[in-house]
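Quick caveat: nothing in here was measured; it's all calculated off a predicted structure. Scope of the values below: all heavy atoms of this structure, side chains included, with no hydrogens, waters or symmetry mates.
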Amino acid sequence: AQSVSQHNHHVILSEAASLELGCNYSYGGTVNLFWYVQYPGQHLQLLLKYFSGDPLVKGIKGFEAEFIKSKFSFNLRKPSVQWSDTAEYFCAVREDTGGFKTIFGAGTRLFVKA
Amino acid sequence: SAVISQKPSRDICQRGTSLTIQCQVDSQVTMMFWYRQQPGQSLTLIATANQGSEATYESGFVIDKFPISRPNLTFSTLTVSNMSPEDSSIYLCSGQGNEKLFFGSGTQLSVL
C-alpha cells in the first residue's frame, strides 16, 4: 500500500528565510505527486503537481518542488518565505492507475514570523 | 475549476445517532472521494463514491458505518452511523477534475 511521509510536523521561520519541506513516498509503480496547501480558514488547494517530464516543477506563489525518483522524494522549496505563507502543507501521492485515489502525508504546519 | 459545497459545516451530535453529510459539485467531476481529518492528523481516505453503485471503501472503513451514495455525477452523501466520540472529526468531500482534487469546506463533527 502507498504511504507518504512528511519529515516535519511544525516549522517556524522568519520572513525571508528559505524553506524546504521533506516528503517521501512508498509505492513501486508510476505515481503523480502533489503539494496541497491549506491557509487558515480556507479550503485545501493545489500548490503544485508533478506528472512527468522536468522533475523540477514550479507552482503558485514562488513554490517549487523536485521529484527525485531514486529517493522516492518530492521536497517542497521556497527561497524566501513571507508571512502570508503561514499555512499547513500536505504532500500527496496518487496512483497512476485504477482507482486514482490520492493519499496524503501527515501535513506540516508552517508559521512565518513577520 | 469546480466548486464543492458541503453541508452541514458543523454539527454536534449525540452518541448512537447518525448524521448525513451532503456534497454538491457545481460541475461534473470524474471521481468523488470522502476523507476524514482527525484532530492533529492528516487526511485519511474513507472511500471512493461511485456513481450509481456501491462505494469503494478503504481498509478500516465499512459500508455499515459509513454508507455513501452518489446518485449522479455532481452529488454525493456520506452518513456517519451509530456515532461515538471517536467519530469526532472533520469530514471532507473532494472531486477529481483537471488532474487535481477540489475540496469542500468540510463538516466538523463533534460527538458527545
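A 6.0 Å sphere centred on NZ of B:Lys65 holds more than 12 heavy atoms belonging to other residues, nucleotides or ligands. With a 6.0 Å radius and a threshold of 12 heavy atoms from other residues, nucleotides or ligands, B:Ile63 has its CD1 atom above the threshold.
Most heavy-atom pairs under 4.5 Å with chain B: of the set A:Ile103, A:Asn32, A:Leu46, this distinction falls to A:Leu46.
Under the 4.5 Å side-chain heavy-atom criterion for ILVMFWY residues, a single connected hydrophobic cluster contains both A:Tyr89 and A:Phe74. Residues B:Phe75 and B:Met32 do not share a hydrophobic cluster, clusters being chains of Ile/Leu/Val/Met/Phe/Trp/Tyr side chains in contact below 4.5 Å. Residue A:Ile60 is grouped with residue A:Val57 when hydrophobic side chains (ILVMFWY) are merged at heavy-atom distances under 4.5 angstrom, including chains of intermediate members. Under the 4.5 Å side-chain heavy-atom criterion for Ile, Leu, Val, Met, Phe, Trp and Tyr, B:Val80 and B:Tyr57 are members of the same hydrophobic cluster. Linking ILVMFWY side-chain heavy atoms closer than 4.5 Å, directly or via other members, places A:Ile68 and A:Tyr50 in two distinct hydrophobic clusters.
In this structure, no portion of A:Arg109 lies under 4.5 Å from any heavy atom of chain B.
In this structure, B:Lys100 NZ and A:Phe51 CZ are separated by 10.5 Å, a value rounded to the nearest 0.5 Å. Taking NZ from A:Lys101 and OH from B:Tyr35, the interatomic distance works out to 9.5 Å, rounded to the nearest 0.5 Å.
B:Glu99 and A:Arg94 get closest at one heavy-atom pair: O-NH1, 3.8 Å. Taking both residues in full, the closest heavy atoms of A:Ala106 and B:Ser42 are given as CA-CB, 3.2 Å, listed atom of the first, atom of the second, then distance. Shortest non-hydrogen contact noted between B:Ser105 and A:His43 is CB-NE2, 3.2 Å.
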Audit row: B:Leu101, A:Tyr36, side-chain contact (heavy atoms from CB on, under 4.5 Å) steps and yes/no: CA-CA 9 Å; B:Leu101 287 176; A:Tyr36 284 86; 3.3 Å; yes
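Side-chain contact between B:Leu43 and A:Phe90: present, with at least one pair of heavy atoms (C-beta onward) separated by less than 4.5 Å.
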